[in-house]
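Side-chain atoms are counted along with the backbone in the values below, which use heavy atoms only and exclude waters and symmetry mates. Chain letters run A, B, ... following the sequence lines, proteins first, then strands; residues in each count from 1.
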Number of protein chains: 2
Amino acid sequence: MARNKAFDPEEKLEKARDLFWEKGYNATSMQDLCEEMKLNRASIYDTYGDKYALFQQCLQNYAKEKLFDYKQCCEKVSPLSAIDSIIRRAVHNRKEGKSCLMVKTSFELASMDEGIRHIVQEQARQSISVLQELLEKAQKMNEIPAEKDPATLAQFLYASFSSIWLMDVLFGDKAMLDSMADHILYSIRH
Amino acid sequence: MARNKAFDPEEKLEKARDLFWEKGYNATSMQDLCEEMKLNRASIYDTYGDKYALFQQCLQNYAKEKLFDYKQCCEKVSPLSAIDSIIRRAVHNRKEGKSCLMVKTSFELASMDEGIRHIVQEQARQSISVLQELLEKAQKMNEIPAEKDPATLAQFLYASFSSIWLMDVLFGDKAMLDSMADHILYSIRH
DNA sequence: AATATTTTGGAACATTCATTCTATTATTCT
DNA sequence: AGAATAATAGAATGAATGTTCCAAAATATT
């Protein structure tokens, strides 16, 4: 009896995510979103709720995708080379000044908005936990020194994404990012 | 013949800066600013120009103060301990989840707004240059290994502030920040 | 064909926003 | 005292905002 949804909510969500990603939450208007998603206002409110709810879903979508990325890198034989490729891939896949939605959101909203902070925190915890597992394995295989603390290193590595994205936004110089990545990776091995 | 200004523009500018610092540019309204600065709208527009111009002046003010902070640390005898205190001081003086105005602004505005990016870039260049000088001195005094590249280390150190503030916003755990600072400083010496 | 539901376009609403303006009061200098 | 400027209060403006609503068009199922 009923008409089917003509659009794929997941696909449209990614459009919204990309726009938030580029402009930030506050600087993105519903008007912008309608145009970018090529959806009517009513359809958006119907499917996702209000702007805030839509943004939360974008964050979750992003978090899921990022974590999937990480786990893919874990399939390498050596845990150290898994860590290496997680960092290198971030630099390699960067899109001109778009940095990372999680990092951007952390600085724009997380300090003021508890709901957003919770989502970003959770993603951070999961990422750090993946990194820590890799570091512990690497330590057992003598790929990194025994005296290092895997928890601290994992926190440092996760936080280093913020470093990389900052420099990308400011200078957009790939060679600079590469040498920073070199140093970051060197620092966990020595 | 004329009445004198009853308020200190510099002092009021700092009030504005602190509010922008806390809430970010887009989330701060002129109404908020009037209340925080305890000034009339007209007085603000008269003294600083519009919201955007006011924000730029806040950024400049912040940049000047930060750079002064850095230079103060340089008076230490050992360049390495100067670097140490620059990092430690940042962690020690942090204000509950307020992170750093420069880093926040970089992620909120710098990728979209060329004028803002220019200001933040300039401050970054100056900070990196101070750090690089210290690193070169440290290298000559054998405080850090000869094979390290001071330019890369300086970029890494500057970017590391972003790491520290990210983790501060997300977890607000001083011990975590301290151990991260330990690792960052260790990494430039080994 | 008839019915049910989605999508769409766009009007409508209330709110907030940055900005400008006017009128009034206060203060300084001659 | 009087002229000149500064500060204030608050109204006014116009644009943009998020959100709701309605009516028409489209499409699926019975």
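The aromatic rings of A:His190 and A:Tyr186 lie parallel to each other, their planes meeting at an angle below 30°, with 60° marking the opposite boundary. Using cut-offs of 30° and 60° for the angle between ring planes, the A:Tyr25 and A:Phe20 rings count as parallel.
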Practice prompt. Dump the intermediate steps for side chain to side chain contact (heavy atoms under 4.5 Å, CB included) on B:Cys34 and B:Leu39, then the final yes or no.
Written response: CA-CA 5 Å; B:Cys34 290; B:Leu39 280 183; over 6 Å; no
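The interatomic distance linking A:Arg41 (CZ) with D:dG18 (P) rounds to 9 Å, in whole Å. One interatomic measurement links the two molecules: NZ of A:Lys12 to C1' of C:dT7, which rounds to 12 Å at whole-angstrom precision. Following rounding to the nearest Å, B:Tyr48 (OH) and C:dA18 (P) show an atom-to-atom distance of 17 Å. At whole-Å resolution of the value, CG in A:Asp50 and C1' in D:dT20 are 12 Å apart. Per the geometry, CG belonging to B:Asp8 stands 15 Å off C1' belonging to D:dA7, to the nearest Å. The distance from atom CD of A:Glu35 to atom P of C:dT8 is 15 Å, rounded to the nearest whole Å. Counting to the nearest Å, the C1' atom of C:dC21 and the CG atom of B:Asp46 are 12 Å from each other. The distance between atom CZ of B:Phe55 and atom C1' of C:dA18, rounded to the nearest whole Å, is 16 Å.
With 3.5 Å as the limit, one finds a donor-acceptor pair spanning the side chains of B:Glu10 and B:Asn61. B:Glu143 and B:Gln139 are not linked by any side-chain donor-acceptor pair at a separation below 3.5 angstrom, with hydrogens and angles left out of the test.
Applying the salt bridge (Lys or Arg N to Asp or Glu O under 4.0 Å) rule to pairs touching residues 146-171 of chain B yields B:Arg94-B:Asp168, sequence neighbours excluded.
For the segment residues 15-33 of chain B, the set of residues with a heavy atom within less than 4.0 Å of an atom of DNA chain D is empty. A heavy atom lying under 4.0 Å from DNA chain D marks none of the residues of residues 105-119 of chain A.
In this structure, CG on A:Asn40 lies 10.0 Å from CG on A:Asp46, to the nearest 0.5 angstrom.
In terms of position on DNA chain D, the residue among A:Lys51 and B:Lys38 whose nearest nucleotide sits closer to the 5' end is B:Lys38.
Side-chain proximity of A:Tyr45 to the nucleotides C:dG9, D:dT20, C:dT7 is greatest for D:dT20. Closest approach to the A:Asn40 side chain among D:dT19, C:dT19, C:dG10 is made by C:dG10 (side chain taken as heavy atoms from C-beta onward). Considering only side-chain atoms of B:Ala42, the nucleotide from C:dT7, C:dT19, C:dC21 that sits closest is C:dC21. Here C:dT8 is the nucleotide among D:dA11, D:dT19, C:dT8 with the atom lying nearest to any side-chain atom of A:Ser43.
Shown here is B:Lys137, whose NZ atom has no more than 12 heavy atoms of other residues, nucleotides or ligands within 6.0 Å.
In this structure, B:Asp113 does not pair ionically with B:Arg117, as no charged nitrogen and carboxylate oxygen lie closer than 4.0 Å.
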